[in-house]
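Just so you know, ligand 1 is whichever comes first in the structure, and atom 1 is the first atom listed for that ligand.
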Amino acid sequence: MGDAPTLWTPEFLAACPEADELVDVHVCPPTHAGSSDASPPNDVSLAATVDLAGHRAPGTRRNFEFRKMPFGELVRRISSEGPGEASAEEGAFAPVIAPGEKYYLRSVAKRPTKTAAHLPAEFPSLAATLAKGGAILPGGPRALFDERSYHSTVLRVASEGTALWTHYDTHDNLLAQVVGRKTVTLWPPEAAPFLYVQGSSSRVDYALEDRGGDGGSAGEAGSGFTFDAVRFPAFRSALASRRVVELGPGEALFVPALWFHHVAADAREGSGPSIAVNAFWRPARVPETESDPGDVFGNKDPPASRRAAELAARAGSALANLPEPHRTFYARRAIEAFAAQLGRRVEAESDGEVGGSEV
Ligand SMILES: O=C(O)CCC(=O)C(=O)O
């Protein structure tokens with residue numbers, strides 16, 4: 001990681017050549033940890049989690065506002081004690097939403113809808129300090145990936161106490177922590193059936209306990225985290241496969257494609273901001289034709305998976321006119337043929353029921 005972990009002080013970052021460049025920052029209202037107000041279902045606006053654009057549940061509103069500000073201003077906001085609270089002090093910034101608000105930057109390219117983020121292009125001076133380590137940037141002597149598979153390098157700047165919704169990415173990822181500490185919780189792809197996945201995100205309100213839980217819904221406490229056990233009972237089955245990793249400055253974690261991850265910046269008072277860089281690249285055995293050229297965030301499912309989903313929908317409608325038990329009987333047969341083609345077998349239901357809802 002080169003000299004970055006020692007060099008990237010707030011003063012260094014606020015005075016870097018890119019300090020005047022405008023960046024799009026997610027600004028989240030103060031969290032209402034421990035609030036007794038009942039939140040309507042699907043309302044995540046009170047959670048301590050930043051629901052970055054692509055990871056929100058369909059039909060829910062954002063729990064942040066986008067605000068353009070110079071990079072140097074972001075650094076000064078997240079580095080001051082209690083961001084936004086010091087607005088009365090000379091030189092401090094007025095809150096965007098309210099005192100106690102949180103900030104999160106996921107850097108993007110200058111033409112964000114056209115190309116993926118590339119740290120050496122958007123933050124050349126910061127990239128130069130990382131380059132010596134040679135593991136994170138493309139072409140580095142110790143890079144984990146072939147340059148032809150490279151997708152993007154992203155700067156992540158987070159206020160203390162912010163967390164990202166549990167999600168997967170379709171690309172392999174080296175998450176390099178430069179400043180501050182964070183906890184990454186990982187689940188393997190096989191845990192997907194227990195994670196209530198919609199799009200690329202789990203809908204489970206998973207929260208580390210010292211971060212204020214899940215806004216007052218029925219949680220399962222005592223193991224360092226809470227989740228809503230009433231809405232998400234099957235999540236319990238995912239717990240054994242969970243891996244929890246603490247990352248500190250100068251440490252990096254390989255997050256394989258399709259592994260779900262929940263990322264939480266240190267929430268302890270005074271722990272300060274978390275700053276990380278991650279490199280995404282196409283996994284080695286995924287052919288280039290399975291990458292969507294318009295996938296600037298590295299999280300679009302491959303074309304093959306979209307075709308498979310369309311064919312599955314057509315298979316479903318092909319059986320729609322059959323009555324039960326014919327529909328279930330032939331659906332099961334189709335599933336068995338599909339599984340056999342992939343070298344898998346469909347397990348028989350242990351209770352032996354053949355009702356229409358079981359397939
Ligand atoms: O470190 C972070 O802030 C988020 C990392 C993340 O979600 C990712 O690398 O996909």
Side-chain angles (χ1 to χ4, degrees), residues 1 4-5 8 23-28 47-56 63-64 74-75 78 102-108 116-119 123 126 130 135-137 144-145 150-189 195 197 199-202 204 206-208 211 243-267 271-283 295-301:
M1 230 174 268
W8 289 17
V23 287
D24 272 316
V25 178
H26 300 74
V27 182
C28 308
T49 306
V50 189
D51 57 354
L52 291 191
H55 301 314
R56 199 165 61 248
N63 72 351
F64 62 86
L74 168 67
V75 171
I78 58 162
K102 307 273 189 192
Y103 309 99
Y104 189 92
L105 169 70
R106 183 228 190 265
S107 69
V108 292
H118 177 52
L119 192 80
F123 292 92
L126 304 187
L130 275 176
I136 301 161
L137 301 177
L144 296 183
F145 51 91
Y150 170 68
H151 179 271
S152 54
T153 31
V154 178
L155 179 68
R156 313 241 177 200
V157 180
S159 291
E160 87 186 19
T162 48
L164 284 199
W165 209 249
T166 305
H167 66 279
Y168 71 86
D169 297 297
T170 54
H171 285 60
D172 283 341
N173 172 4
L174 183 69
L175 177 58
Q177 185 68 13
V178 186
V179 174
R181 304 191 71 80
K182 66 173 45 133
T183 305
V184 186
T185 310
L186 298 147
W187 291 267
L195 296 181
V197 180
S200 58
S201 303
S202 162
V204 180
Y206 173 91
L208 300 181
R211 313 172 56 74
R243 282 118 160 121
V244 182
V245 179
E246 296 273 345
L247 281 184
E251 294 178 335
L253 175 69
F254 173 57
V255 183
L258 308 186
W259 277 64
F260 289 82
H261 45 287
H262 175 273
V263 183
D266 199 333
S271 52
S274 156
I275 307 184
V277 171
N278 57 348
F280 287 108
W281 66 95
R282 181 165 40 82
D295 181 11
V296 290
F297 293 109
N299 58 9
K300 272 200 185 163
D301 291 316

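When the ring pair (Phe, Tyr, Trp, His ring centres under 6.0 Å) test is applied to F145, the partners found at least two apart in sequence or on another chain are Y150, W281. Not a single ring pair (Phe, Tyr, Trp, His ring centres under 6.0 Å) links F280 to another residue, sequence neighbours left out.
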Review point. Should D295 and H151 be marked as a side chain to side chain donor-acceptor pair (under 3.5 Å) after you check the CA-CA gap, both sets of side-chain angles, and the distance that decides it?
Key: CA-CA 9 Å; D295 181 11; H151 179 271; 4.7 Å; no
Contacts under 3.5 angstrom, residues 177-185 side chains, donor-acceptor by atom type, not counting sequence neighbours:
{"residue": "Q177", "atom": "OE1", "partner": "K182", "partner atom": "NZ", "Å": "2.9"}
{"residue": "Q177", "atom": "NE2", "partner": "V179", "partner atom": "O", "Å": "2.8"}
{"residue": "Q177", "atom": "NE2", "partner": "G180", "partner atom": "O", "Å": "3.1"}
{"residue": "Q177", "atom": "NE2", "partner": "S274", "partner atom": "OG", "Å": "3.1"}
{"residue": "K182", "atom": "NZ", "partner": "S274", "partner atom": "OG", "Å": "3.4"}
{"residue": "T183", "atom": "OG1", "partner": "E246", "partner atom": "OE2", "Å": "3.3"}
{"residue": "T185", "atom": "OG1", "partner": "Y206", "partner atom": "OH", "Å": "3.3"}

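Scanning all heavy atoms of the two residues, the minimum distance from S159 to I78 falls at OG-CG2, 3.6 Å.
Between the side chains of D301 and Y168, a donor-acceptor pair is found at a separation under 3.5 Å.
The residues lining ligand 1, counting any heavy atom closer than 4.0 Å, are Y104, R156, L164, H167, D169, N173, L175, K182, H261, V263, N278, F280.
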